[in-house]
2 protein chains.
Amino acid sequence: MDAKNVTITDSEWMVMRAIWTMGHATSRELIDAMNELEGWSASTTKTLLHRLIQKQAVAQHGGSRPFTYKPVVGEKESMVAAADDLFDHMCAMRAGSTIAGVIQSRELSRADIANLQAILAEKAKTAPEEVQCNCLPGDQTF
Amino acid sequence: MDAKNVTITDSEWMVMRAIWTMGHATSRELIDAMNELEGWSASTTKTLLHRLIQKQAVAQHGGSRPFTYKPVVGEKESMVAAADDLFDHMCAMRAGSTIAGVIQSRELSRADIANLQAILAEKAKTAPEEVQCNCLPGDQTF
DNA sequence: GCTAAGAGGTTACAAATGTAAACTTAGAAT
DNA sequence: ATTCTAAGTTTACATTTGTAACCTCTTAGC
(Lines give C-alpha, C1' and ligand atoms only; values in the text may rest on other atoms or scores of the structure.)
Protein backbone atom coordinates (compact mmCIF):
# COMPACT_ATOMS: atom_id res chain seq x y z
CA MET A 1 0.00 0.00 0.00
CA ASP A 2 1.42 3.32 -1.07
CA ALA A 3 1.37 6.17 1.45
CA LYS A 4 0.48 8.54 -1.39
CA ASN A 5 -2.79 6.72 -1.98
CA VAL A 6 -4.06 6.85 1.58
CA THR A 7 -5.62 10.03 2.84
CA ILE A 8 -5.31 10.14 6.59
CA THR A 9 -7.47 12.72 8.41
CA ASP A 10 -6.16 14.83 11.26
CA SER A 11 -7.68 12.63 13.98
CA GLU A 12 -6.61 9.44 12.25
CA TRP A 13 -3.13 10.90 12.06
CA MET A 14 -3.01 11.19 15.83
CA VAL A 15 -3.77 7.46 16.11
CA MET A 16 -1.19 6.64 13.44
CA ARG A 17 1.48 8.53 15.35
CA ALA A 18 0.90 6.28 18.34
CA ILE A 19 0.97 3.12 16.20
CA TRP A 20 4.10 4.23 14.35
CA THR A 21 5.90 5.01 17.55
CA MET A 22 5.01 1.73 19.26
CA GLY A 23 5.58 -0.23 16.06
CA HIS A 24 2.67 -2.47 16.92
CA ALA A 25 -0.04 -2.08 19.56
CA THR A 26 -3.17 -3.61 21.00
CA SER A 27 -6.39 -1.63 21.07
CA ARG A 28 -6.05 -1.26 24.85
CA GLU A 29 -2.64 0.35 24.41
CA LEU A 30 -3.98 2.72 21.76
CA ILE A 31 -7.09 3.56 23.78
CA ASP A 32 -4.97 4.42 26.80
CA ALA A 33 -2.52 6.46 24.74
CA MET A 34 -5.21 8.46 22.94
CA ASN A 35 -7.06 9.07 26.18
CA GLU A 36 -3.90 10.43 27.76
CA LEU A 37 -2.82 12.47 24.71
CA GLU A 38 -6.19 13.81 23.51
CA GLY A 39 -8.74 13.00 26.19
CA TRP A 40 -10.71 10.81 23.78
CA SER A 41 -13.10 8.05 24.82
CA ALA A 42 -12.42 4.42 23.96
CA SER A 43 -15.20 4.50 21.36
CA THR A 44 -13.54 7.32 19.48
CA THR A 45 -10.24 5.47 19.21
CA LYS A 46 -11.98 2.26 18.16
CA THR A 47 -13.87 4.05 15.41
CA LEU A 48 -10.76 5.74 14.04
CA LEU A 49 -8.77 2.49 14.27
CA HIS A 50 -11.49 0.71 12.30
CA ARG A 51 -11.51 3.43 9.63
CA LEU A 52 -7.73 3.15 9.33
CA ILE A 53 -8.03 -0.61 8.88
CA GLN A 54 -10.68 -0.04 6.18
CA LYS A 55 -8.43 2.36 4.26
CA GLN A 56 -5.53 -0.07 4.68
CA ALA A 57 -3.29 2.26 6.61
CA VAL A 58 -3.28 -0.25 9.47
CA ALA A 59 -3.46 -4.06 9.52
CA GLN A 60 -4.89 -6.32 12.17
CA HIS A 61 -2.66 -9.20 13.28
CA GLY A 62 -3.04 -12.19 15.54
CA GLY A 63 -5.57 -15.02 15.58
CA SER A 64 -7.11 -14.30 18.95
CA ARG A 65 -7.95 -11.37 21.14
CA PRO A 66 -6.51 -9.02 21.83
CA PHE A 67 -5.40 -8.43 18.21
CA THR A 68 -2.23 -6.51 17.45
CA TYR A 69 -2.38 -3.58 15.08
CA LYS A 70 0.51 -2.62 12.84
CA PRO A 71 0.96 0.26 10.40
CA VAL A 72 0.78 -0.68 6.73
CA VAL A 73 2.01 2.71 5.57
CA GLY A 74 5.30 4.05 6.87
CA GLU A 75 5.55 7.19 8.94
CA LYS A 76 8.31 8.78 6.94
CA GLU A 77 6.60 8.18 3.58
CA SER A 78 3.27 9.37 4.94
CA MET A 79 4.78 12.58 6.29
CA VAL A 80 6.45 13.36 2.99
CA ALA A 81 3.26 12.46 1.09
CA ALA A 82 1.21 14.80 3.28
CA ALA A 83 3.72 17.63 2.95
CA ASP A 84 4.00 17.14 -0.81
CA ASP A 85 0.22 17.21 -1.11
CA LEU A 86 0.12 20.48 0.82
CA PHE A 87 2.81 22.07 -1.33
CA ASP A 88 1.18 20.73 -4.51
CA HIS A 89 -1.83 22.89 -3.67
CA MET A 90 0.22 26.01 -3.14
CA CYS A 91 1.92 28.53 -5.34
CA ALA A 92 5.05 26.93 -6.79
CA MET A 93 6.85 30.24 -6.92
CA ARG A 94 6.57 30.64 -3.15
CA ALA A 95 7.55 27.14 -2.14
CA GLY A 96 11.10 28.25 -1.39
CA SER A 97 10.16 30.93 1.07
CA THR A 98 7.54 28.67 2.65
CA ILE A 99 10.11 25.95 3.22
CA ALA A 100 12.39 28.62 4.70
CA GLY A 101 9.64 29.54 7.15
CA VAL A 102 9.16 25.92 8.17
CA ILE A 103 12.90 25.36 8.65
CA GLN A 104 13.12 28.43 10.83
CA SER A 105 10.40 27.21 13.16
CA ARG A 106 11.59 23.56 13.41
CA GLU A 107 14.33 22.09 15.51
CA LEU A 108 16.78 20.25 13.25
CA SER A 109 19.68 17.98 14.15
CA ARG A 110 23.17 18.40 12.81
CA ALA A 111 22.66 15.39 10.58
CA ASP A 112 19.40 16.86 9.26
CA ILE A 113 21.14 20.13 8.43
CA ALA A 114 24.04 18.40 6.75
CA ASN A 115 21.62 16.33 4.67
CA LEU A 116 19.63 19.40 3.66
CA GLN A 117 22.77 21.31 2.76
CA ALA A 118 23.91 18.46 0.53
CA ILE A 119 20.56 18.30 -1.24
CA LEU A 120 20.56 22.06 -1.79
CA ALA A 121 24.11 22.03 -3.13
CA GLU A 122 23.03 19.40 -5.65
CA LYS A 123 19.91 21.35 -6.65
CA ALA A 124 21.92 24.53 -7.02
CA LYS A 125 23.70 22.98 -10.00
CA THR A 126 20.55 23.08 -12.10
CA ALA A 127 18.50 25.76 -10.36
CA PRO A 128 16.63 28.24 -12.56
CA GLU A 129 16.89 31.96 -12.08
CA GLU A 130 13.24 32.00 -11.04
CA VAL A 131 10.32 29.63 -10.55
CA GLN A 132 7.11 30.33 -12.42
CA CYS A 133 3.86 30.98 -10.59
CA ASN A 134 1.29 28.25 -11.26
CA CYS A 135 -1.76 29.87 -9.71
CA LEU A 136 -3.71 30.89 -12.76
CA PRO A 137 -3.94 29.39 -16.23
CA GLY A 138 -1.57 30.97 -18.71
CA ASP A 139 -0.30 32.94 -15.79
CA GLN A 140 2.53 35.44 -15.77
CA THR A 141 3.54 37.79 -13.03
CA PHE A 142 0.77 40.24 -12.17
CA MET B 1 -6.22 39.66 10.78
CA ASP B 2 -3.51 37.12 11.41
CA ALA B 3 -3.05 34.33 8.87
CA LYS B 4 -2.47 31.90 11.75
CA ASN B 5 -5.97 32.49 13.05
CA VAL B 6 -7.83 31.79 9.83
CA THR B 7 -8.38 28.20 8.79
CA ILE B 8 -8.81 28.03 5.04
CA THR B 9 -10.22 24.79 3.65
CA ASP B 10 -8.85 23.14 0.51
CA SER B 11 -11.56 24.55 -1.77
CA GLU B 12 -11.39 27.97 -0.19
CA TRP B 13 -7.64 27.86 -0.74
CA MET B 14 -8.18 27.48 -4.49
CA VAL B 15 -10.25 30.67 -4.47
CA MET B 16 -7.65 32.46 -2.36
CA ARG B 17 -4.92 31.57 -4.83
CA ALA B 18 -6.85 33.35 -7.54
CA ILE B 19 -7.46 36.42 -5.38
CA TRP B 20 -3.84 36.54 -4.23
CA THR B 21 -2.58 36.33 -7.76
CA MET B 22 -4.89 39.00 -9.15
CA GLY B 23 -4.42 41.18 -6.08
CA HIS B 24 -8.04 42.20 -6.26
CA ALA B 25 -10.89 40.77 -8.29
CA THR B 26 -14.57 41.03 -9.02
CA SER B 27 -16.84 38.06 -8.52
CA ARG B 28 -17.13 37.68 -12.31
CA GLU B 29 -13.37 37.38 -12.61
CA LEU B 30 -13.24 34.81 -9.81
CA ILE B 31 -16.18 32.85 -11.19
CA ASP B 32 -14.54 32.66 -14.61
CA ALA B 33 -11.17 31.71 -13.13
CA MET B 34 -12.56 28.94 -10.90
CA ASN B 35 -14.69 27.59 -13.73
CA GLU B 36 -11.63 27.37 -15.97
CA LEU B 37 -9.33 25.96 -13.26
CA GLU B 38 -11.68 23.56 -11.45
CA GLY B 39 -14.84 23.31 -13.55
CA TRP B 40 -16.94 24.75 -10.71
CA SER B 41 -20.28 26.46 -11.18
CA ALA B 42 -20.76 30.14 -10.34
CA SER B 43 -22.77 29.19 -7.25
CA THR B 44 -19.88 27.21 -5.83
CA THR B 45 -17.46 30.10 -6.16
CA LYS B 46 -19.99 32.53 -4.72
CA THR B 47 -20.53 30.32 -1.67
CA LEU B 48 -16.82 29.91 -1.02
CA LEU B 49 -16.20 33.64 -1.53
CA HIS B 50 -18.94 34.40 0.98
CA ARG B 51 -17.45 32.00 3.53
CA LEU B 52 -14.02 33.61 3.07
CA ILE B 53 -15.55 37.03 3.71
CA GLN B 54 -17.24 35.66 6.84
CA LYS B 55 -13.96 34.30 8.20
CA GLN B 56 -12.22 37.60 7.28
CA ALA B 57 -9.74 36.10 4.89
CA VAL B 58 -11.19 38.34 2.15
CA ALA B 59 -12.70 41.84 2.27
CA GLN B 60 -15.36 43.33 0.02
CA HIS B 61 -14.55 46.75 -1.43
CA GLY B 62 -16.43 49.30 -3.48
CA GLY B 63 -19.72 51.08 -2.91
CA SER B 64 -21.58 49.69 -5.88
CA ARG B 65 -21.72 46.55 -7.96
CA PRO B 66 -19.70 44.85 -8.97
CA PHE B 67 -17.77 44.88 -5.70
CA THR B 68 -14.02 44.25 -5.65
CA TYR B 69 -12.65 41.54 -3.38
CA LYS B 70 -9.22 41.77 -1.81
CA PRO B 71 -7.31 39.32 0.38
CA VAL B 72 -7.08 40.29 4.05
CA VAL B 73 -4.53 37.59 4.83
CA GLY B 74 -1.29 37.43 2.86
CA GLU B 75 -0.38 34.49 0.66
CA LYS B 76 3.12 34.08 2.02
CA GLU B 77 2.03 34.16 5.67
CA SER B 78 -0.89 31.81 4.96
CA MET B 79 1.37 29.30 3.22
CA VAL B 80 3.83 29.30 6.10
CA ALA B 81 1.00 29.08 8.64
CA ALA B 82 -0.50 26.07 6.83
CA ALA B 83 2.87 24.34 6.53
CA ASP B 84 3.71 25.04 10.17
CA ASP B 85 0.36 23.63 11.23
CA LEU B 86 1.03 20.47 9.25
CA PHE B 87 4.48 20.00 10.74
CA ASP B 88 3.18 20.80 14.22
CA HIS B 89 1.03 17.68 13.95
CA MET B 90 3.90 15.48 12.88
CA CYS B 91 6.78 13.80 14.59
CA ALA B 92 9.35 16.47 15.46
CA MET B 93 12.20 14.02 15.07
CA ARG B 94 11.30 13.39 11.44
CA ALA B 95 10.75 16.99 10.38
CA GLY B 96 14.22 17.17 8.89
CA SER B 97 13.81 14.24 6.57
CA THR B 98 10.30 15.36 5.63
CA ILE B 99 11.57 18.80 4.66
CA ALA B 100 14.30 17.06 2.65
CA GLY B 101 11.62 15.11 0.77
CA VAL B 102 9.70 18.28 0.02
CA ILE B 103 12.81 20.13 -1.19
CA GLN B 104 13.65 17.25 -3.49
CA SER B 105 10.24 17.35 -5.16
CA ARG B 106 10.01 21.17 -5.53
CA GLU B 107 11.55 23.44 -8.09
CA LEU B 108 13.61 26.10 -6.31
CA SER B 109 15.26 29.21 -7.70
CA ARG B 110 18.89 30.10 -7.10
CA ALA B 111 17.81 32.82 -4.71
CA ASP B 112 15.61 30.34 -2.80
CA ILE B 113 18.54 27.95 -2.48
CA ALA B 114 20.93 30.67 -1.35
CA ASN B 115 18.41 31.79 1.25
CA LEU B 116 17.88 28.26 2.53
CA GLN B 117 21.61 27.63 2.68
CA ALA B 118 22.10 30.78 4.74
CA ILE B 119 19.33 29.79 7.18
CA LEU B 120 20.79 26.31 7.56
CA ALA B 121 24.28 27.67 8.13
CA GLU B 122 22.89 29.82 10.92
CA LYS B 123 20.93 26.93 12.48
CA ALA B 124 23.98 24.70 12.31
CA LYS B 125 25.67 26.88 14.92
CA THR B 126 23.25 25.75 17.61
CA ALA B 127 21.97 22.46 16.23
CA PRO B 128 21.56 19.56 18.66
CA GLU B 129 23.02 16.16 18.01
CA GLU B 130 19.49 14.80 17.74
CA VAL B 131 15.89 15.95 17.94
CA GLN B 132 13.59 14.21 20.39
CA CYS B 133 10.49 12.37 19.23
CA ASN B 134 7.30 14.04 20.50
CA CYS B 135 4.75 11.37 19.55
CA LEU B 136 3.95 9.86 22.92
CA PRO B 137 3.93 11.35 26.42
CA GLY B 138 7.14 10.82 28.32
CA ASP B 139 8.41 9.28 25.14
CA GLN B 140 11.87 8.04 24.44
CA THR B 141 13.13 6.11 21.46
CA PHE B 142 11.29 2.83 21.07
C1' DG C 1 -20.28 -24.27 33.25
C1' DC C 2 -21.37 -19.70 34.28
C1' DT C 3 -20.51 -14.90 34.82
C1' DA C 4 -18.14 -10.76 34.17
C1' DA C 5 -14.97 -7.94 31.95
C1' DG C 6 -12.59 -6.62 27.98
C1' DA C 7 -12.15 -6.36 23.01
C1' DG C 8 -14.16 -5.75 18.64
C1' DG C 9 -17.84 -4.20 15.62
C1' DT C 10 -21.86 -1.36 14.44
C1' DT C 11 -24.64 2.54 14.77
C1' DA C 12 -25.45 7.39 15.82
C1' DC C 13 -25.21 12.21 15.26
C1' DA C 14 -23.39 16.97 14.90
C1' DA C 15 -20.38 19.91 12.51
C1' DA C 16 -17.49 20.89 8.69
C1' DT C 17 -16.84 20.94 3.91
C1' DG C 18 -17.77 20.61 -1.04
C1' DT C 19 -20.79 21.73 -4.47
C1' DA C 20 -24.70 24.00 -6.43
C1' DA C 21 -29.62 25.76 -6.93
C1' DA C 22 -32.86 29.28 -5.84
C1' DC C 23 -34.05 33.81 -4.57
C1' DT C 24 -33.34 38.89 -4.12
C1' DT C 25 -31.38 43.17 -5.41
C1' DA C 26 -29.02 46.40 -8.31
C1' DG C 27 -27.82 48.38 -12.42
C1' DA C 28 -27.53 48.30 -17.54
C1' DA C 29 -30.06 48.38 -21.63
C1' DT C 30 -33.97 49.57 -24.17
C1' DA D 1 -40.42 53.46 -16.89
C1' DT D 2 -39.77 48.80 -17.77
C1' DT D 3 -37.30 44.71 -18.63
C1' DC D 4 -33.41 41.92 -18.56
C1' DT D 5 -28.99 40.48 -16.97
C1' DA D 6 -25.55 40.25 -13.62
C1' DA D 7 -24.17 40.31 -8.91
C1' DG D 8 -25.01 39.22 -4.28
C1' DT D 9 -27.37 36.52 -0.66
C1' DT D 10 -29.60 32.61 1.16
C1' DT D 11 -30.87 27.95 1.17
C1' DA D 12 -30.04 23.09 0.11
C1' DC D 13 -28.00 18.68 0.36
C1' DA D 14 -24.50 14.95 0.15
C1' DT D 15 -20.24 13.51 1.95
C1' DT D 16 -16.59 13.69 5.15
C1' DT D 17 -14.92 13.97 9.63
C1' DG D 18 -14.91 14.11 14.68
C1' DT D 19 -16.56 12.09 18.59
C1' DA D 20 -18.93 8.68 21.20
C1' DA D 21 -22.72 5.33 22.63
C1' DC D 22 -24.41 0.83 22.12
C1' DC D 23 -24.31 -3.98 20.93
C1' DT D 24 -22.01 -8.48 20.16
C1' DC D 25 -18.47 -11.72 20.83
C1' DT D 26 -14.54 -13.71 23.14
C1' DT D 27 -11.86 -14.91 26.82
C1' DA D 28 -10.48 -14.71 31.67
C1' DG D 29 -11.80 -15.71 36.21
C1' DC D 30 -14.23 -18.35 39.51
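Every heavy atom of this structure was used, including side-chain atoms; hydrogens, water molecules and symmetry mates were not. Note that the structure is a prediction, hence the values are computed from the model and not measured. Sequence lines set the chain letters: A, B, ... in the order given, protein chains first and strands last, and positions in each chain run from 1.
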What is the distance, rounded to the nearest whole Å, between atom CZ of A:Phe67 and atom C1' of C:dG9?
11 Å
From CD1 of B:Ile8 over to P of C:dA16, roughly how many Å is that when rounded to an integer?
17 Å
Report yes if at least one side-chain N or O of B:Ser27 is closer than 4.0 Å to OP1 or OP2 of D:dG8; otherwise report no.
yes
Strictly distance-based, threshold 3.5 Å: is any side-chain N or O of B:Asn115 a donor or acceptor partner for the main-chain N or O of B:Asp112?
no
Tell me which pairs pass salt bridge (Lys or Arg N to Asp or Glu O under 4.0 Å) where either residue lies in residues 60-79 of chain B, with sequence neighbours left out.
A:Arg94-B:Glu75
For the pair made of CH2 in B:Trp13 and C1' in C:dG18, what is the distance, rounded to whole Å?
18 Å
Separation of D:dG8 atom P from B:Gln60 atom CD, nearest Å, is 7 Å
Check the distance between D:dA6's P and B:Leu30's CG and give it to me in whole angstrom.
17 Å
Charged N-O contact under 4.0 Å between B:Arg106 and A:Asp84
yes
Name all residues meeting the ring-ring contact (aromatic ring centres under 6.0 Å, His included) criterion together with B:Trp40; count only those two or more places apart in sequence or in a different chain, and write none if there are none.
none
Expected string for nucleotides 24-30 of chain C under the B/S/- scheme (protein heavy atoms, under 4.0 Å, primed atoms plus P, OP1, OP2 as sugar-phosphate) is -BSS---
Only pairs at least two apart or in different chains count here, so list each salt bridge (Lys or Arg N to Asp or Glu O under 4.0 Å) that has a residue in residues 17-26 of chain B.
none
For A:Asn35 and D:dA21, what is the distance between atoms CG and P respectively, to the nearest whole Å?
12 Å
Using the rule that two of Ile, Leu, Val, Met, Phe, Trp, Tyr join whenever any of their side-chain heavy atoms come within less than 4.5 Å, decide whether A:Val80 and A:Leu86 are in one cluster.
no
Do any N or O atoms from the side chain of A:Arg110 and from the backbone of B:Ala127 form a donor-acceptor pair under 3.5 angstrom?
yes
Interface residues of residues 37-54 of chain A with DNA chain D (non-hydrogen, below 4.0 angstrom):
A:Trp40, A:Ser41, A:Ser43, A:Thr44, A:Thr47, A:Leu48, A:Arg51
Thinking salt bridges, do A:Lys123 and B:Glu107 make one under a 4.0 Å N-O criterion?
no
Rounded to whole angstrom units, what separation is found between the CD atom of B:Glu12 and the P atom of C:dA16?
12 Å
Measure from NZ on A:Lys55 to C1' on D:dT17 and round the result to the nearest Å.
9 Å
Quick note, salt bridge (Lys or Arg N to Asp or Glu O under 4.0 Å) partners involving residues 29-49 of chain B, not counting sequence neighbours, are B:Arg28-B:Asp32
So, OP1 or OP2 of D:dG18: does either fall under 4.0 Å of a side-chain N or O from A:Thr9?
yes
Side-chain N or O of A:Arg28 less than 4.0 angstrom from OP1 or OP2 on C:dG6?
no
